[in-house]
Amino acid sequence: MFKKILIANRGEIALRVARAARELGVRSVAVYSDADAAAPHVRAADEAVRIGPAASAESYLLGDVIIDAAIRSGAEAIHPGYGFLSEREWFARSVREAGLVFIGPSAEAIAAMGSKTAARQLAIAHDVPVVPGTTEPLRDARDATATAARFGYPVLLKAAAGGGGKGMRVVRTEGEIAGALDAARREARNAFGDDAIYVEKFIEGPRHVEIQLLADVHGRVISLGERECSVQRRHQKMIEEAPSVAVSPDLRRRMGDAAVRVARAAGYANAGTCEFLLARDGQFYFLEMNTRIQVEHPVTELVTGVDLVRWQIRIAAGERLSLPDVLEPRGWAMECRITSEDPTNGFLPSTGRIESLLLPSGPGTRWDGGVEAGSEVGLHYDPLLAKLIVWGATRTEAVERMRRALLELVIAGVETSREFHLRVLEDPEFKRGDIEIQWLERRLPSLLGRKPTRAELRVAAIAATLVAERERVARAGTGAAAEGAAPPPPAARGASTWAQLSRLEALRPS
Ligand code: MV4
């Protein structure tokens with residue numbers, strides 16, 4: 001085992017890796033930008049190295065500076081977390097060439113999965129189902145028209161270098177295809193510097209189901225089952241769970257076997273995830289492989305009892321997987337991503353200081369967070385503040401437990417997704433597990449427009465009365481002063497309007 005590793009990341013995932021390292025008796029080195037000098041991940045590690053100013057491009061994305069920090073601190077390996085340098089082929093190669101171990105797959109495996117068309121070809125060659133379509137880039141609009149006619153509308157134009165939905169266009173009629181091809185090319189060129197576009201049949205209303213894999217460097221690959229990630233908005237997942245209501249033990253085995261074949265074909269080692277579309281008819285299609293630990297890995301940990309990050313480090317150190325081939329999920333796990341975004345304002349990022357933070361705890365409750373009271377939330381990094389993960393014996397228990405845990409959570413100072421999550425948990429379709437990749441966006445108006453309940457109005461009325469009373473006392477105080485009555489301060493004026501409105505609401509007959 002390593003004596004010391006460097007964590008090339010920040011926030012909750014840096015803390016997650018530091019915890020795994022400590023449990024293994026491995027020392028950890030954090031890196032930080034000027035914005036993160038006082039961040040929790042810096043204190044969670046045994047040592048910390050400053051790598052640059054706040055901007056990611058001048059700190060967390062500087063591979064050479066990070067490798068240099070690893071060498072100087074005597075670390076033997078680098079854990080990249082997710083995002084930042086985690087899926088950069090050149091970084092994995094540079095780490096290896098510096099005589100260090102990259103805690104992740106080889107540069108070659110990252111490259112093999114980086115091209116979506118190459119990954120598709122690899123899947124096809126190993127009998128893994130992919131969506132009907134091509135793997136050759138389109139030449140021009142004429143080629144696109146002929147190819148689309150072959151598969152039938154609707155079709156989806158996708159960037160070969162793609163991922164994350166960039167350079168993707170749905171085409172429903174022949175008349176739209178030339179314009180869509182131009183638009184997809186432009187977007188792909190800007191995003192990836194590569195404007196190659198190919199065609200797939202468009203699958204309507206599928207679920208996004210992914211398979212978690214672990215592979216050691218001795219050629220053993222195992223599946224840890226699926227995660228259901230359909231609750232997403234603009235390719236940002238909001239809630240994930242394991243298992244999926246749509247996956248039977250037989251389907252789990254078939255999807256797991258398919259994912260294992262893809263990983264073997266790529267010579268894959270370490271933790272990885274194969275993404276699939278699961279169509280309404282039960283057909284599944286391989287989309288792409290993510291060559292990193294993912295944000296939502298804890299739901300798999302809670303239903304399998306396997307510590308994925310600990311295994312990442314053990315695998316990188318050359319250990320053999322000592323887990324069974326088949327790991328049936330036990331119970332149900334669910335994760336809500338707590339972000340500093342304001343759902344009532346188009347999910348606009350919210351900034352400021354976290355004034356207070358009260359964390360949920362109790363049975364089946366896990367908090368993977370990267371912030372604390374006093375943390376400044378800016379615009380330099382991803383808005384993910386923390387993940388709230390729960391376990392229950394059944395899906396219903398997990399939903400009830402998540403609701404309870406979200407009610408315990410208090411974050412003051414920045415807007416967060418907390419209340420939005422509470423609303424999703426009350427949705428009858430969500431409660432039934434009746435979700436697919438377009439569900440959240442279709443449901444947004446009803447989720448955001450929902451009227452407060454009687455109980456919520458009652459709480460608001462009680463709070464309003466307390467605020468009004470405090471204002472009355474404050475006014476009595478200023479009235480006694482020599483200057484005469486001053487208007488209440490702006491904050492109090494705002495509170496007073498709110499107080500009046502909520503009192504009126506609460507007094508309205510039901
Ligand atoms: C699709 C699809 C429907 N049909 N391919 C989105 C990003 C990339 N990973 C692939 N994506 C999709 N590919 C076919 N042939 C729908 C999506 C898609 C999607 C997939 C997974 C999770 C969320 C999504 C949201 C919108 C579209």
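Order of appearance sets the numbers: ligands from 1, and atoms from 1 within every ligand. Computation of the quantities below employed the complete heavy-atom set of this structure, encompassing side-chain atoms and omitting hydrogens, waters and symmetry-equivalent molecules.
Closest protein heavy atom to atom 18 (C) of ligand 1: Ile437 CD1, 3.4 Å. The protein heavy atom nearest to atom 23 (C) of ligand 1 is Gln232 CD, 3.6 Å. The nearest heavy-atom contact from the protein to atom 7 (C) of ligand 1 is Gly165 N, 3.6 Å. The nearest heavy-atom contact from the protein to atom 26 (C) of ligand 1 is His235 CE1, 3.5 Å.
We find that Arg252 and Glu328 are joined by a salt bridge, their nearest charged nitrogen and carboxylate oxygen being less than 4.0 Å apart. Salt bridge Arg233/Glu441: absent, no basic N to carboxylate O contact under 4.0 Å. Using a cut-off of 4.0 Å between Lys/Arg side-chain N and Asp/Glu carboxylate O, Asp307 and Arg16 are scored as salt-bridged. Note on Arg404 versus Glu400: no salt bridge recorded, every NZ/NE/NH1/NH2 to OD/OE distance being 4.0 Å or above.
Closest non-hydrogen pair, Gly352 versus Val414, comes out as N-CG1, 3.6 Å. Of all the heavy atoms in Leu379 and Pro349, the pair that sits closest is CD2-CB, 3.8 Å. Shortest non-hydrogen contact noted between Pro80 and Ile103 is CD-O, 3.4 Å.
Residue Leu277 has at least one heavy-atom neighbour below 4.0 Å for each of these atoms of ligand 1: 1 (C), 2 (C), 3 (C), 4 (N), 5 (N), 14 (C), 20 (C). Atoms of ligand 1 found under 4.0 Å from any heavy atom of His208, numbered from 1 in the order shown, are 21 (C), 22 (C). Residue Lys158 has at least one heavy-atom neighbour below 4.0 Å for each of these atoms of ligand 1: 1 (C), 5 (N), 10 (C), 13 (N). Counting atoms of ligand 1 from 1 in the listed order, those under 4.0 Å from a heavy atom of Glu288 are 8 (C), 9 (N). Listed by atom number, the atoms of ligand 1 under 4.0 Å from Glu275 heavy atoms are 9 (N). The distance from ligand 1 to the heavy atoms of Phe202 drops below 4.0 Å at these ligand atoms: 3 (C), 4 (N). Close approach of ligand 1 to Lys201 (heavy-atom distance below 4.0 Å) involves ligand atoms 4 (N), 14 (C), 15 (N).
By the 6.0 Å contact criterion, NZ on Lys201 is enclosed, its count of non-hydrogen atoms from other residues, nucleotides or ligands being greater than 12.
Ligand 1 has at least one atom lying under 4.0 Å from a heavy atom of Met168.
When only interatomic distances are considered, the shortest N/O to N/O separation between Leu156 and ligand 1 does not fall below 3.5 Å. Between Glu200 and ligand 1, at least one N/O pair is under 3.5 Å apart.
Using a 30° and 60° split on the angle between ring planes, Phe430 and Trp439 fall in the tilted class, from 30° to 60°.
Partner of Arg227 under the side chain to side chain donor-acceptor pair (under 3.5 Å) criterion, chosen from Gln212, Glu275, Glu240: Gln212.
Of all the heavy atoms of Ile203, the ones lying under 4.0 Å from any atom of ligand 1 are found in both the backbone and the side chain.
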